[in-house]
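Residue numbers count from 1 along this sequence. For the numbers below, each heavy atom of this structure counts, side chains included, while hydrogens, waters and symmetry mates do not. Remember, it's a predicted structure, so these values are computed and weren't measured experimentally.
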Amino acid sequence: MKSDHLLIIRFSAIGEVAMVVPVVSSLARQYPHLRISVLSQPFARPLFDRLAPNVSFMEADLKHEYHGVAGLNALYRRLMAKNFTAIADLHSIMRSGYLRMRFNLDHFRVEHLDRHRQERRRLVSFSQKRLQPLPSVFDDYADVLRRLGYPVKLDFTSLFPDGGNMRLLPEQIGLKQSFRQWIGMSPIARRRGKTYPPTLAEEVIQIMVRRHPSCRIFLFGGSDEWEVFDRWERSYPNCTNASRLLGSLYKELVLMNHLDVMVSTDSANMHLAAIAGTRVVSIWGTTHPYGGFLGWRQSIDDAVQVDLPCRPCSIYGNKSCRMGDYRCLLNIKPIDIADRVEVVLNGDK
């Protein structure tokens, strides 16, 4: 008897793709005879390659090799050769919708993500705001699988249940000593509405260094952020530009697994640290945890934010500030972030 072969589609940025990991991992363990293929962009491969024996990764470069309708048709022909028995579209945008339409025409079992568009519009409305939590994206993903006939209990803990292998990391990282706190920081995001101002982030560093003179602060972010990171590295011996030093997503995940806490805006590194099994003090500006994108098993108590009548104004942080000054981020005091870090370091809830 032929075993079921499930295709899971999720493109988008690395943070949203990382949110698929707890769901796929739970599914793979609970359905060990189910073959699972995850289709995403090439950068996401390190998230899935070691996830489970019955999980494989398929990469699709939508900007070049599979660009446009002709590219999507070529991708569909490639997918047809894999003999899938069910399709889970966990993205539900135009490109994944086109593939979904092709599978539907060929009478596959297909389900797709509910994006809660009306509820999201109310959440970010300026004049008729309804500040109520939406379902988490993790639950939305699980609902797609349930409708396909694979109900799943989300019981994922970490990409590294036995601990990330520190021997993979360069010697500059060294061994973790019990008296030194390891703190990750990722205050800068690709979008302005998610970026904590660097001058304020530097104050957070100063407070943490005063409180914990022997701590190590590892900075995570893209190459366009390294100029700021390198300046902090020169000014504070405690700081290390981890992203430059490590040079790979998988190694960053290994290091994140050994942090005592990660400080991150609502961006990719919040999700990466969460799936690495680390508690995150998250910083929220134009977005809000009620949008459903709080990191895996993270507490809203660790979300640092200010209450303003205009917040949230965006689900993804891609809209310009209505007030023009991003007061939602400027009004977050560095001491409030540092104090929440202290709560985590002390092991409090």
Side-chain angles (χ1 to χ4, degrees), residues 11-19 91-95 113-140 185-204 220-222 224-225 227-228 262-272 274 280-295 298-340:
F11 300 119
S12 193
I14 189 68
E16 285 91 342
V17 179
M19 295 184 79
H91 201 174
S92 199
I93 59 165
M94 187 176 297
R95 286 173 294 189
L113 183 71
D114 180 357
R115 296 176 69 86
H116 306 289
R117 286 187 170 87
Q118 288 188 355
E119 295 90 340
R120 287 178 174 181
R121 279 195 290 269
R122 295 189 191 106
L123 181 64
V124 301
S125 171
F126 187 67
S127 59
Q128 298 179 336
K129 185 179 299 296
R130 290 184 60 182
L131 193 61
Q132 295 179 349
L134 276 63
S136 78
V137 173
F138 305 106
D139 290 335
D140 287 338
M185 277 200 71
S186 179
I188 303 173
R190 184 163 53 93
R191 290 166 174 160
R192 175 66 183 86
K194 292 184 174 185
T195 295
Y196 192 55
T199 52
L200 297 179
E202 186 170 0
E203 290 186 40
V204 177
F220 295 88
D224 54 339
E225 303 163 28
E227 182 179 352
V228 174
M262 167 68 90
V263 179
S264 176
T265 56
D266 166 30
S267 56
N269 284 315
M270 173 182 68
H271 296 294
L272 295 173
V280 182
V281 172
S282 53
I283 303 167
W284 299 76
T286 60
T287 60
H288 196 286
Y290 281 5
F293 288 93
L294 187 64
Q298 299 301 314
S299 170
I300 198 168
D301 292 336
D302 290 334
V304 183
Q305 52 189 330
V306 293
D307 292 330
L308 295 171
C310 56
R311 274 196 73 236
C313 64
S314 176
I315 294 295
Y316 304 107
N318 56 342
K319 295 182 179 179
S320 299
C321 175
R322 291 188 180 103
M323 307 302 177
D325 58 3
Y326 292 94
R327 60 191 63 180
C328 55
L329 289 157
L330 288 172
N331 287 353
I332 296 176
K333 298 177 182 178
I335 189 66
D336 292 337
I337 298 172
D339 283 349
R340 194 64 205 177

Distance, nearest 0.5 Å, that separates [atom1] of [X] from [atom2] of [Y]:
{"X": "Arg191", "Y": "Thr286", "atom1": "CZ", "atom2": "OG1", "answer": "9.5 Å"}
{"X": "Glu225", "Y": "Thr195", "atom1": "CD", "atom2": "OG1", "answer": "7.5 Å"}
{"X": "Met262", "Y": "Leu272", "atom1": "CE", "atom2": "CG", "answer": "8.0 Å"}
{"X": "Ile283", "Y": "Met185", "atom1": "CD1", "atom2": "CE", "answer": "6.5 Å"}
{"X": "Asn331", "Y": "Arg311", "atom1": "CG", "atom2": "CZ", "answer": "10.5 Å"}

If you compare all heavy atoms of [X] against all heavy atoms of [Y], which two are closest, and at what distance to 0.1 Å?
{"X": "Ser314", "Y": "Gly317", "result": "OG-N, 2.7 Å"}
{"X": "Ala274", "Y": "Val280", "result": "N-CG2, 4.2 Å"}
{"X": "Leu200", "Y": "Leu330", "result": "CD1-O, 3.9 Å"}
{"X": "Val17", "Y": "Phe11", "result": "CG2-O, 2.9 Å"}
{"X": "Gly295", "Y": "His271", "result": "CA-ND1, 3.8 Å"}

Treating [X] as the side-chain partner and [Y] as the backbone partner, does any N or O pair qualify as donor plus acceptor under 3.5 Å?
{"X": "Lys129", "Y": "Pro312", "result": "yes"}
{"X": "Ser264", "Y": "Met270", "result": "yes"}
{"X": "Thr265", "Y": "Lys194", "result": "yes"}
{"X": "Ser186", "Y": "Phe220", "result": "yes"}

Beyond-backbone contact of [X] with [Y], side-chain heavy atoms, under 4.5 angstrom:
{"X": "Val228", "Y": "Glu202", "result": "no"}
{"X": "His91", "Y": "Ser12", "result": "yes"}
{"X": "Ile332", "Y": "Trp284", "result": "no"}
{"X": "Pro187", "Y": "Val263", "result": "no"}
{"X": "Met323", "Y": "Leu308", "result": "no"}
{"X": "Ser282", "Y": "Gln298", "result": "no"}

| said: Tell me every residue that passes side-chain contact (heavy atoms from CB on, under 4.5 Å) with Asp301, counting only those two or more places apart in sequence or in another chain. | reply: Ser299, Arg340
| query | After noting the C-alpha distance and the side-chain angles of Glu16 and Phe293, does the key distance pass the side chain to side chain contact (heavy atoms under 4.5 Å, CB included) rule? | reply | CA-CA 8 Å; Glu16 285 91 342; Phe293 288 93; 4.2 Å; yes
| request: For the pair Thr287 and Ile315, evaluate side chain to side chain contact (heavy atoms under 4.5 Å, CB included) and give the outcome as yes or no after the intermediate values. | output: CA-CA 5 Å; Thr287 60; Ile315 294 295; over 6 Å; no
| query | Does CD belonging to Gln132 count more than 12 external heavy atoms closer than 6.0 Å? | reply | yes
| query | Around atom CG of Asp307, are there more than 12 heavy atoms of other residues, nucleotides or ligands at under 6.0 Å? | reply | no
| request: Please name the residue in the list Arg122, His288, Arg120 that meets the side-chain contact (heavy atoms from CB on, under 4.5 Å) test with Leu134. | output: Arg120
| query | Hey, mind stepping through Leu329 and Arg192 against side chain to side chain contact (heavy atoms under 4.5 Å, CB included) and telling me if it holds? | reply | CA-CA 10 Å; Leu329 289 157; Arg192 175 66 183 86; 3.8 Å; yes
| task | List the steps and the verdict of side chain to side chain contact (heavy atoms under 4.5 Å, CB included) for Met19 and Phe138. | result | CA-CA 7 Å; Met19 295 184 79; Phe138 305 106; 3.5 Å; yes
